[in-house]
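Along the sequence shown, the residues carry numbers beginning at 1. Not measured: the values here are computed from a predicted model.
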Amino acid sequence: MNPGRFTTAIETTRGRSKGSANLLPSRVLRHLCFIACLLLVGTQPASAQGFWRVSEVPSLVIGALDGPESAVLDNVRGAVQLPGGLIAIADGGSREIRVYGPQGQFLTKFGAPGEGPREFEGIEWIDTCGGPSVYVYDFSRFRLSKWTADGELIDGFQVASSTPGMPPFQVACGPERALAVVDWPDIRSGVSGLGPYRLPSRVSMADSTGRITRTVGTFLGTERYRYRTNDGPRFLGRTTTVRVGHGGVVYVGTADTYEIQAVMPDGSRATFGRDEQRSPITSEMREEWITEYLRGVSPERRPAMRRTLSTPNLLPDSLPAYAGFLVDRSGFIWVEPTVAPGIQSELVVQWSVFDAGGRAVALVPLPASFQPTDIGDDYLLGVVRDRLGVERVHRHALARGEPDGVPPRR
């Protein structure tokens with residue numbers, strides 16, 4: 001899940017997906033159950049949402065302000081838990097994967113900057129893709145590599161897009177090594193002049209060798225802004241999220257409304273979510289956002305940058321309906337709320353959880369500074385960045401509750 005914390009070759013996007021095992025007896029039954037459950041969405045009372053709790057104190061912390069190289073994290077691209085409680089962290093600064101023991105002790109590392117088979121030019125994400133191995137996507141080379149926990153390179157290949165001659169815009173990994181590929185929008189044919197725009201993007205599925213196997217559909221892509229000299233994601237704009245669930249189901253959300261589409265392998269579609277209005281961006285929010293942005297700008301450039309950031313249509317009129325979502329290892333969809341400018345990282349925000357049938361099952365309070373990257377049956381693993389910019393990986397215990405107001409089992 002920071003649509004601005006995952007980098008593509010040109011810009012920042014959100015793109016993470018977590019694998020999980022399929023427990024349903026057959027594909028046909030799974031699809032029938034999915035559709036049946038979606039018919040009930042919107043009829044579930046608030047009391048049907050279970051109590052899911054996350055431990056206030058993390059059970060594991062990896063990362064420090066200073067110390068040995070293995071203890072200092074820089075530009076973390078994700079973290080996953082492996083069999084035996086091992087933790088694999090993708091460190092974007094050093095462009096290497098670091099592996100730690102169940103108690104957080106450093107064990108080994110692999111990868112380095114470069115163009116070789118064991119090297120990375122740019123790490124976008126790390127995942128398990130539903131298995132025991134480590135998968136790493138290199139956004140600069142459009143290459144997905146597979147590794148053992150001790151750093152043995154098993155496989156590596158480029159991921160194709162469905163547009164000849166163009167690389168993928170985004171790649172997401174799901175259970176059974178299923179890959180969802182988002183194409184670049186056709187900017188040349190659909191944009192004129194300066195300012196915000198949003199174009200359709202094609203979503204496809206690829207096999208375990210990176211070859212396109214089928215088209216999922218065409219959806220509105222991430223909101224962008226064209227400047228005089230460049231082009232990139234629109235500040236506070238809507239980001240399109242694509243994730244892969246059990247049985248090849250693809251979840252797509254454009255954040256225009258609080259809805260997510262589920263596309264089945266046979267092409268049938270269903271929609272779930274909630275009836276919520278997008279929050280307007282007030283003048284106070286704009287000023288708060290500009291002030292925060294300027295903190296990272298050198299003092300001599302701040303006056304000119306403030307004038308640029310005050311452009312009337314630079315920011316949208318309202319916040320995205322949500323920031324993005326993840327699919328956990330059990331197939332639940334975790335929707336991240338949009339945090340308004342000015343919200344302090346110490347505050348708690350409510351994540352919404354839906355089951356694979358689209359039924360709202362829980363609200364989970366998480367610190368605004370905590371970005372989950374891997375959610376298992378009884379844990380959340382994620383990244384925290386403090387006010388000094390120090391990054392740490394935290395693991396919290398997760399107690400999943402039952403519907404109808406039954407507290408979680410201890």
Side-chain angles (χ1 to χ4, degrees), residues 1 3 6-11 13-20 22 27 30-31 34 124-125 127 129-130 135-146 155-190 198-224 233 238-256 259-271 324-327 331 333:
M1 169 192 315
F6 293 89
T7 309
T8 62
I10 297 179
E11 68 203 356
T13 63
R14 295 185 83 90
R16 293 180 186 165
S17 65
K18 299 299 146 210
S20 54
N22 186 358
R27 178 170 296 180
R30 177 167 57 252
H31 293 171
F34 192 101
E124 180 172 352
W125 51 254
D127 208 323
C129 299
Y135 288 80
V136 184
Y137 183 64
D138 187 327
F139 66 83
S140 292
R141 302 161 68 186
F142 318 109
R143 183 174 186 269
L144 185 63
S145 54
K146 178 182 179 181
D155 194 10
F157 53 86
Q158 281 196 317
V159 181
S161 78
S162 60
T163 304
M166 288 292 290
F169 174 74
Q170 180 185 351
V171 176
C173 182
E176 303 165 359
R177 296 180 294 175
L179 299 175
V181 180
V182 183
D183 284 6
W184 277 90
D186 188 359
I187 298 175
R188 294 170 298 180
S189 65
R198 198 176 193 191
L199 296 176
S201 291
R202 183 183 300 153
V203 178
S204 305
M205 294 298 292
D207 61 20
S208 58
T209 65
R211 295 177 298 181
I212 298 297
T213 57
R214 65 180 174 91
T215 298
V216 175
T218 300
F219 307 85
L220 276 179
T222 293
E223 198 170 9
R224 301 175 63 84
R238 292 159 291 177
T239 298
T240 297
T241 304
V242 178
R243 299 286 179 262
V244 185
H246 293 157
V249 177
V250 179
Y251 299 99
V252 182
T254 63
D256 288 289
E259 290 183 336
I260 297 172
Q261 280 198 58
V263 185
M264 317 307 168
D266 62 5
S268 59
R269 300 188 181 192
T271 302
F325 57 88
L326 302 169
V327 178
I333 299 93

With Thr218, which residues qualify under side-chain hydrogen bond (donor to acceptor under 3.5 Å, both in side chains), at least two apart? none
Has the side chain of [X] got a donor or acceptor atom that lies under 3.5 Å from a matching backbone atom of [Y]?
{"X": "Arg243", "Y": "Phe325", "result": "yes"}
{"X": "Thr240", "Y": "Gly221", "result": "yes"}
{"X": "Gln158", "Y": "Arg141", "result": "yes"}

Does [X] reach the side chain of [Y], with side-chain heavy atoms less than 4.5 Å apart?
{"X": "Met205", "Y": "Pro265", "result": "no"}
{"X": "Asp256", "Y": "Arg198", "result": "yes"}
{"X": "Leu179", "Y": "Leu144", "result": "yes"}
{"X": "Val216", "Y": "Ser204", "result": "no"}
{"X": "Trp184", "Y": "Leu199", "result": "no"}
{"X": "Phe142", "Y": "Val171", "result": "no"}

Where [X] and [Y] come nearest, the two heavy atoms and their spacing:
{"X": "His246", "Y": "Pro175", "answer": "CD2-CG, 3.9 Å"}
{"X": "Val263", "Y": "Gly267", "answer": "CG1-O, 4.4 Å"}
{"X": "Val244", "Y": "Gly174", "answer": "CB-CA, 3.7 Å"}
{"X": "Ala270", "Y": "Met264", "answer": "CB-CE, 4.3 Å"}

Quick test of your reading of the model: are Arg238 and Glu223 salt-bridged, counting only N-O distances below 4.0 Å? yes
According to side chain to side chain contact (heavy atoms under 4.5 Å, CB included), who are the partners of Asp155, at least two apart in sequence or on a separate chain? Lys146, Phe157
For a quick test of your reading: what N or O donor-acceptor pairs under 3.5 Å do the side chains of residues 159-169 make, sequence neighbours left out?
from   : atom 1 : to     : atom 2 : distance (Å)
Ser161 : OG     : Thr163 : N      : 3.2
Ser161 : OG     : Thr163 : O      : 3.1
Ser161 : OG     : Met166 : O      : 2.6
Ser162 : OG     : Asp183 : OD1    : 3.4
Ser162 : OG     : Asp183 : OD2    : 2.4
Ser162 : OG     : Arg202 : NH1    : 3.3
Thr163 : OG1    : Asp183 : OD2    : 2.8

Other residues, nucleotides and ligands only: do more than 12 of their heavy atoms fall within 6.0 Å of CZ on Arg211? no
